[in-house]
Amino acid sequence: MKTLDDYNFKHKKALIRVDFNVPINKEGEVDDATRIEAAKPTIIKILEDGGSVILMSHMGRPKAQEAEFSLERIKDKVSEVIGVEVKFVSDCVGEVAETAAQNLQSGEVLLLENLRFHEEETNGDDEFAKQLSKLGDIYVNDAFGTAHRAHASTTIVAKYFDDKCFGYLLQKEIESLNKVLKSAEKPVTAILGGAKVSSKITVIENILEKVDHLIVGGGMAFTFVKAQGGNVGDSLVEDDKLELALEILKSAKEKGVEIHLPVDSVIADSFSETAKTDVRPTKDIPEGWMGLDAGPETIKNFSEVILKSKTILWNGPVGVFEMDAFSNGTIQIGKAIGEATKNGAFSLVGGGDSVSAVKKFNLENDMSYVSTGGGAMLEMLEGKSLPGIDAILNK
Ligand code: 3PG
Ligand code: MG
């Protein structure tokens with residue numbers, strides 16, 4: 001697989017697809033610069049080689065050229081993070097973009113306007129991809145978060161380049177995932193949480209082939225507990241998935257995978273921060289009450305499994321961590337993973353909410369790797385190949 005280190009960028013213009021789809025707050029500032037920081041090593045390598053950098057990204061899902069989605073809003077943040085004054089051009093294709101790219105000198109960085117201001121981007125338009133390709137000599141894809149999209153800038157554009165490679169971030173994402181899915185040291189434990197079984201079915205099916213332990217937490221656990229005859233009160237349940245839950249349990253047994261479900265839950269009389277709370281066995285939750293977090297016994301059981309694991313994958317919180325009253329389970333699970341990691345395990349956290357949780361509770365540095373991808377990560381866990389990755393591999 002071709003990576004940045006296979007190239008010397010001296011006097012070359014690198015056209016880099018980054019994922020700078022970052023949250024912007026009410027004041028118009030970047031709320032979380034993780035994705036920008038994550039692309040920095042790639043940019044710095046190219047500049048240090050004596051090359052120049054053209055950054056292209058989408059932000060949000062604009063319907064037209066809406067100012068609120070202009071990448072000009074993140075220009076200063078990108079400059080600050082990279083430590084180079086970044087130039088900005090008001091379109092990503094056409095004469096203005098081509099002129100700005102041509103005038104770029106070694107050591108300089110140019111940020112293009114939002115790719116999605118042209119619908120050709122998400123349509124994967126060939127001609128648009130060709131226009132983009134005129135801007136650089138070497139194509140670098142470092143946008144893991146968008147690698148599951150077969151868009152013009154993430155996938156189609158690659159065919160117009162002989163010289164193309166993964167950036168350091170995308171390379172690291174792939175390597176980290178392979179450490180879990182392909183060359184994992186045993187025992188391997190996956191912790192799956194989040195609200196719904198239905199959104200994780202394919203992940204579960206794929207992961208059962210790879211793990212020794214599957215910890216099921218969060219809202220989706222109640223469907224499993226109910227399927228086994230438990231009373232889960234008003235907890236979140238997908239009644240049309242009870243059969244499926246039983247099938248998953250059976251399939252796990254056949255494969256020798258141990259499934260761990262919550263045995264007790266922090267319950268509440270309403271979905272609210274100020275609800276009345278109690279702790280009950282998960283299979284014995286009264287009507288009018290719902291489980292919103294893992295209970296103490298559950299935390300103890302889950303932590304024991306985590307601590308004896310050598311490879312750990314975490315996708316999805318085990319409680320409603322956004323509310324303080326129901327955040328303890330997720331915090332404790334995060335801490336257990338941190339401890340296992342300190343003892344030599346490899347831990348990968350990925351997929352939206354669990355990443356937010358890790359950031360919220362300052363556990364980022366305790367994990368081996370925190371992914372920058374949400375949907376992209378999930379699709380890889382489902383065993384799918386991603387078009388953005390395949391395009392670099394010429395598949
Ligand atoms: C993301 O944050 O999910 C990626 O940047 C991809 O964005 P999208 O889901 O709008 O394609
Ligand atoms: Mg998305």
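For reference, positions follow the sequence shown, starting with 1. All ligand and atom numbering here is 1-based and tracks the order in the structure.
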Evaluate side-chain contact (heavy atoms from CB on, under 4.5 Å) for S153 paired with F128, printing each intermediate quantity in order.
CA-CA 9 Å; S153 68; F128 179 73; 5.8 Å; no

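The D19 neighbourhood of ligand 1 comprises atoms 4 (C), 5 (O), with distances under 4.0 Å to a heavy atom of that residue. Distances below 4.0 Å separate heavy atoms of R116 from the following atoms of ligand 1: 7 (O), 8 (P), 10 (O), 11 (O). Close contacts of ligand 1 with H58, meaning ligand atoms under 4.0 Å from a residue heavy atom, involve 4 (C), 5 (O), 6 (C), 7 (O).
Applying side chain to side chain contact (heavy atoms under 4.5 Å, CB included) to L313 and the options L177, I191, L381, T189 leaves one that passes, L381.
Not a single heavy atom of M377 sits closer than 4.0 Å to an atom of ligand 1. Not a single heavy atom of H151 sits less than 4.0 Å from an atom of ligand 1. Within the structure, ligand 1 lacks G375 among the residues with a heavy atom less than 4.0 angstrom away. Proximity of R35 to ligand 1 is established by a heavy-atom distance of less than 4.0 Å.
Neither the backbone nor the side chain of M59 has any atom closer than 4.0 Å to an atom of ligand 1 (non-hydrogen atoms only).
Using modelled atom types and a 3.5 Å distance limit, the side chains of T146 and T154 yield no donor-acceptor pair. Counted by atom type alone, E113 and S70 present one or more donor-acceptor pairs between their side chains at under 3.5 Å. When only modelled atom types and interatomic distance are considered, Q332 and N328 share a side-chain donor-acceptor pair under 3.5 Å.
Looking at ligand 1, you'll find an N or O of N21 within less than 3.5 Å of one of its N or O atoms.
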Mind listing the side-chain donor-acceptor pairs of residues 371-379 below 3.5 Å, one per line with the distance, residues two or more places apart or on another chain?
residue: S371; atom: OG; partner: E173; partner atom: OE1; Å: 2.8
residue: S371; atom: OG; partner: G373; partner atom: N; Å: 3.0
residue: T372; atom: OG1; partner: E173; partner atom: OE2; Å: 2.7

Per-pair distances, 0.1 Å, donor-acceptor, side chain in residues 91-99, under 3.5 Å, sequence neighbours excluded:
residue: D91; atom: OD1; partner: H118; partner atom: NE2; Å: 2.7
residue: T99; atom: OG1; partner: E95; partner atom: O; Å: 2.8

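Among H148, R61, R149, the residue whose heavy atom lies nearest to atom 10 (O) of ligand 1 is R61.
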